[in-house]
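Take a look at the structure below.
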2 protein chains.
Amino acid sequence: MNQPDCQTEIFKANCPTQHVLDAIADKWSVIVIYALLCSGTQRYNELQRQIGGISQKMLTQTLRNLERNGLVHRQAYPVVPPKVEYSLTPLGETITEPLEALCHWAMLHFPEVEIARTRYNATVQD
Amino acid sequence: MNQPDCQTEIFKANCPTQHVLDAIADKWSVIVIYALLCSGTQRYNELQRQIGGISQKMLTQTLRNLERNGLVHRQAYPVVPPKVEYSLTPLGETITEPLEALCHWAMLHFPEVEIARTRYNATVQD
DNA sequence: CAGGATCCTCTTCGATACTG
DNA sequence: CAGTATCGAAGAGGATCCTG
């Protein structure tokens with residue numbers, strides 16, 4: 001059996017993996033990261049339109065959080081009307097690699113998950 | 001710029017990546033998966049002791065959720081007192097690979113995240 | 001245009017007590 | 001031993017209104 005690298009760390013409250021999950025595993029962070037990865041630097045309203053369904057509050061909150069964690073860069077121009085551009089930092093680009101690993105797993109194995117759910121629901125029913 | 005595999009999928013509500021994140025990105029799922037990966041098949045109370053800090057309610061809920069998604073196998077023995085063993089399914093073992101990629105990223109880059117947080121807090125302060 | 005401030009609802013999670 | 005049931009606090013997230 002393979003032992004994970006952070007074998008002894010994972011059960012501590014301050015395990016780095018758990019911290020990273022806490023940082024990006026909310027409803028919108030991954031979607032925002034992918035939006036910036038796919039379409040590059042974008043303004044606030046462009047992001048909101050591209051993503052669709054995200055409220056101003058959550059877009060702002062998600063961007064602030066990603067900025068605070070050094071994954072997203074916020075470039076504000078002192079003009080009227082305001083112009084603010086968001087982009088991935090070099091650090092933010094590196095995290096897309098493990099995320100794509102997860103994306104790859106999802107596309108490969110999610111059908112099995114759905115089968116398991118159907119079976120589970122069936123066995124619980126009776 | 002690299003385009004992710006699920007480029008056109010990520011913005012849909014039913015993107016498989018988002019579904020997978022929804023399934024495992026709660027407070028305890030990843031920890032339970034790692035506990036079963038590191039120490040193999042375990043009974044309910046063994047798991048609770050090993051993880052530490054998890055309530056019965058959340059351990060049960062997390063295990064049920066993982067079982068429903070086909071990542072964990074529940075083996076109940078009809079004896080008194082009850083004996084129930086939990087283990088990763090073959091599908092559950094495959095998901096540890098992308099999770100370790102994330103773990104690897106975390107250990108490699110989390111110091112940068114902490115630096116970014118310190119800097120962010122400093123710039124916000126004034 | 002890019003948010004900030006509020007209000008409200010739904011969910012998450014822990015603590016506690018109980019059971020076959 | 002391996003759960004279930006219930007309560008309450010806290011937070012996430014949406015809708016709406018307001019502003020420099």
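Naming convention: chains lettered A, B, ... in sequence-line order (proteins, then strands); numbering from 1 in each chain. Note that these values count all heavy atoms, side chains included, but never hydrogens, waters or copies made by symmetry.
- For the pair B:Met58 CE and C:dT12 P, the computed distance is 8 Å after rounding to whole Å.
- Sorted by first and then second residue, the side chain to side chain donor-acceptor pair (under 3.5 Å) pairs involving residues 70-85 of chain B (not counting sequence neighbours) are B:His73-B:Gln75, B:Arg74-B:Tyr86, B:Tyr77-B:Glu85.
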Would you tabulate the pairs of protein nitrogen or oxygen atoms and nucleotide nitrogen or oxygen atoms of nucleotides 15-20 of chain C closer than 3.5 angstrom?
from, atom 1, to, atom 2, distance (Å)
C:dA17, N6, B:Gln56, OE1, 3.4

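- Side chain to side chain, A:Thr96 and A:Tyr34 fail the donor-acceptor criterion of an N or O pair below 3.5 Å.
- For B:Thr123 (side chain) and B:Tyr120 (main-chain N/O), a donor-acceptor pair under 3.5 Å exists by modelled atom type.
- B:Asp22 meets the side chain to side chain contact (heavy atoms under 4.5 Å, CB included) test with B:Gln18; sequence neighbours excluded.
- Direction of the helix axis in the helix from C:dC1-D:dG20 to C:dG20-D:dC1 shifts by 50° between the two five-pair termini, rounded to 10°.
- Residues forming a ring pair (Phe, Tyr, Trp, His ring centres under 6.0 Å) with A:His109 (at least two apart in sequence, or on another chain): A:Trp105.
- In this structure, the CG atom of A:Asp22 is 14 Å from the C1' atom of C:dC13, given to the nearest Å.
- Side-chain contact, B:Asp26 with B:Ser29: a donor N or O sits under 3.5 Å from an acceptor N or O.
- Summary of the strand contacts: B:Lys27 and A:Lys83 both lie near DNA chain C, and taking for each the nucleotide with the nearest heavy atom, the more 5' one is attributed to A:Lys83.
- Nearest heavy atom pair, residue A:Ile95 against residue A:Ile33, reads CG2-CD1, 4.4 Å.
- Residues of residues 61-75 of chain A having a heavy atom closer than 4.0 Å to DNA chain D: none are found.
- B:Tyr77 comes within 4.0 angstrom of no nucleic acid atom, judged by non-hydrogen atoms across all strands.
- The hydrophobic cluster containing A:Ile115, built from Ile/Leu/Val/Met/Phe/Trp/Tyr side-chain heavy atoms closer than 4.5 Å, comprises no other residue.
- Checked against side chain to side chain donor-acceptor pair (under 3.5 Å), B:Gln42 has the following partners two or more places apart in sequence or in another chain: B:Gln50.
- A:Arg49 is linked by a side chain to side chain donor-acceptor pair (under 3.5 Å) to nothing, counting only residues two or more places apart in sequence or in another chain.
- In terms of the side chain to side chain contact (heavy atoms under 4.5 Å, CB included) criterion, A:Glu97 has no residue partners (sequence neighbours excluded).
- Here the range on DNA chain D touched by chain A, meaning any atom under 4.0 Å from one of its heavy atoms, is D:dG13 to D:dG20.
- In this structure A:Trp28 satisfies the ring pair (Phe, Tyr, Trp, His ring centres under 6.0 Å) test with no other residue, sequence neighbours excluded.
- Between B:Asn65 and B:Ala23, the closest heavy-atom pair is ND2-O, 3.3 Å.
- Regarding A:Asp26, its CG atom lies at a distance of 18 Å from the P atom of C:dT11, rounded to whole Å.
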